[in-house]
Amino acid sequence: MRSELAAGLAERAAQGLYRRRRVLESPQGPVVRRDGREFLNFCGNDYLGLANHPEVVRAFALGAERWGAGGGASHLVCGHTAAHHALEEELAVFAGRERALLFSSGYMANLGVIAALTGRGDSVLEDKLNHASLIDGGLLSGARFSRYGHADVASLQEKLAGCGSRRKLVASDGVFSMDGDVAPLPQLAAAARSYGAWLMVDDAHGLGVLGANGGGSLEHLGLGQEDAPILMGTLGKAFGVCGAFVAGCEELIETLIQQARTYIYTTSLPPAVAEATRASLRLAQSEGWRREKLRALVRRFRAGAEALGLELMSSDTPIQPVLVGANEAAVAASERLAEAGVWVAAIRPPTVPAGTARLRVTLSAAHDEAQVDRLLDALAEALRP
Ligand SMILES: *Cc1c(COP(=O)(O)O)cnc(C)c1O
């Protein structure tokens, strides 16, 4: 086994695809510590700066004192506490839906929902740049699986027109995680409706960030439960904790409770995590200044990057990738940034298409303007030909 695996690893390294973990020595924040030194952090998903917020941390600690450390069982056995239940009710109100259901992670939510709702004889249609968990959910469901062109409504319509299945599920990221663009949700909703398909939106990077109240890409575009009947959101990004939820009508949620295997056959999240998330959800809703500050930082970054002639993507969200192209060049640029004390991850295939390796810059409301300017200076230096 060892020699066979070693050969595979060597091949990966030769392609510039070897991945290494960095060991963090501090909490999340705009400045983090690794390898014994401080770095400006521009690669996390803590968009609102809540992962280490004192009120969230206090709710976590109080939650652990009240509920203990572990959930103790799955939700359907004896692991569903009043903390989980209250969070679900608050998430339903936040999302403007009849009900919400907690999952332990976004990955599990996507696998569970797609497999619970579709199977042999059905069809799942997905944007080709969807998150891996949506793609995997579609592949594991046993349904006929196909991908349409990125944000290409005509390509989706063509596939829907040629689809003979009675039950059809269309799934899309709300905000694409490696590009930062927002899906054409009104058009996707209209296409799904006209072919009798169900639209599922994974808004991992939109919730908390987009929309006047942080309601995400759907609020931003003025859409509701009738347009996108299945909403998936994660709690580890803008909300700074962990876990995920699915929100929708009563019948959807009851169906998932009966049939979503990744909901049924797993231990509930620690109740303290639910308490911490309730605190972060309150902050995310009440402190609209975090979204405004984030938007201003995004504008500042884009203006500065354009002035430097960097190749940005068409994104107005806190995900602001700088396109590099070759894998080795992206890694080298990321290393030069690190030498300057700036941490930006190089994202390579298979996470993104071949030839589009990039520096995935992400901004947070916890950053300040001077930090964004330091990032721009470091990028100019690191990408100098
Ligand atoms: C991060 C992410 C997920 C997975 O969520 P986790 O809670 O981290 O498992 C799912 N979908 C998208 C679009 C994501 O960005």
Side-chain angles (χ1 to χ4, degrees), residues 21 28 43-48 50-51 71 84 87-88 91 95 100-115 124 126-141 147 150-151 169-185 188 199-210 216-218 220 228 230-247 256 260-263 266-270 273-274 276-277 280-281 284 313 315 317-321 345 347 350-352 358 360-364:
R21 301 172 304 164
Q28 281 299 330
C43 47
N45 299 316
D46 181 21
Y47 301 120
L48 298 179
L50 297 175
H84 298 110
L87 175 59
E88 288 183 340
L91 285 166
L101 187 71
L102 273 179
F103 282 77
S104 299
S105 76
Y107 200 112
M108 288 176 44
N110 281 340
L111 294 191
V113 169
I114 298 175
V124 175
E126 300 202 16
D127 188 293
K128 76 178 174 50
L129 294 191
N130 272 356
H131 188 265
S133 55
L134 279 176
I135 301 282
D136 292 355
L139 292 170
L140 288 174
S141 67
R147 302 175 204 218
H150 175 52
L169 178 73
V170 175
S172 178
D173 284 18
V175 173
F176 288 88
S177 51
M178 295 301 137
D179 292 50
D181 56 327
V182 180
L185 296 172
L188 294 182
L199 177 60
M200 170 176 185
V201 175
D202 169 346
D203 211 14
H205 297 277
L207 286 167
V209 172
L210 298 180
S217 50
L218 292 167
H220 177 64
I230 307 156
L231 170 64
M232 197 289 287
T234 61
L235 303 169
K237 287 168 181 153
F239 299 108
V241 189
C242 89
F245 69 95
V246 176
L256 296 178
R261 294 168 65 84
T262 60
Y263 178 79
T266 198
T267 301
S268 64
L269 285 170
V273 166
T277 309
S280 75
L281 182 62
M313 307 191 77
S315 160
T317 68
I319 301 171
Q320 290 292 330
I347 307 286
T351 310
V352 294
R358 63 200 67 179
R360 180 175 178 268
V361 170
T362 52
L363 299 165
S364 164

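Whatever order the structure lists them in is the order used to number ligands and atoms, beginning at 1. The figures that follow rest on heavy atoms only: side chains count, while hydrogens, waters and symmetry mates do not.
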Is it true that a side-chain atom of Asp46 and a backbone atom of Ala51 form a donor plus acceptor pair closer than 3.5 Å? yes

Salt bridge (Lys or Arg N to Asp or Glu O under 4.0 Å) partners for Arg358, two or more places apart: Asp179

Whether Arg147 side chain and Ile135 backbone form a donor-acceptor pair below 3.5 Å: no

Shortest non-hydrogen contact from Leu134 toward Ala171: CD2-CB, 4.2 Å

Are any side-chain N or O atoms of Asn130 and backbone N or O atoms of Asp173, one a donor and one an acceptor, separated by less than 3.5 Å? yes

Looking only at heavy atoms of Gly236, does any of them come nearer than 4.0 Å to an atom of ligand 1? no

Of all the atoms in ligand 1, which lie at a distance below 4.0 Å from a heavy atom belonging to His205? 14 (C), 15 (O)

Residue Ser105 vicinity, atoms of ligand 1 by number, heavy atom under 4.0 Å: 7 (O), 9 (O)

Of Asn130, Asp202, Thr234, Val175, the one whose closest heavy atom lies nearest atom 13 (C) of ligand 1 is Asp202

Out of all atoms in ligand 1, which are within 4.0 Å of some heavy atom of Tyr107? Include the element for each. 4 (C), 5 (O), 6 (P), 9 (O)

With a cut-off of 4.0 Å, which atoms of ligand 1 are near a heavy atom of Ser133? 10 (C), 11 (N)

Ligand 1 to Gly106, heavy atom cutoff 4.0 Å, flagged ligand atoms 4 (C), 5 (O), 6 (P), 7 (O), 9 (O)

Closer than 3.5 angstrom, by distance alone: can the side chain of Ser133 be matched with the main-chain N or O of Tyr107 as a donor-acceptor pair? no

Counterpart residues, ring pair (Phe, Tyr, Trp, His ring centres under 6.0 Å), relative to Phe176 (two or more places apart): His150

Going by distance only, is there an N or O of Ala204 that falls short of 3.5 Å from an N or O of ligand 1? no

Any heavy atom of Lys237 closer to ligand 1 than 4.0 angstrom? yes

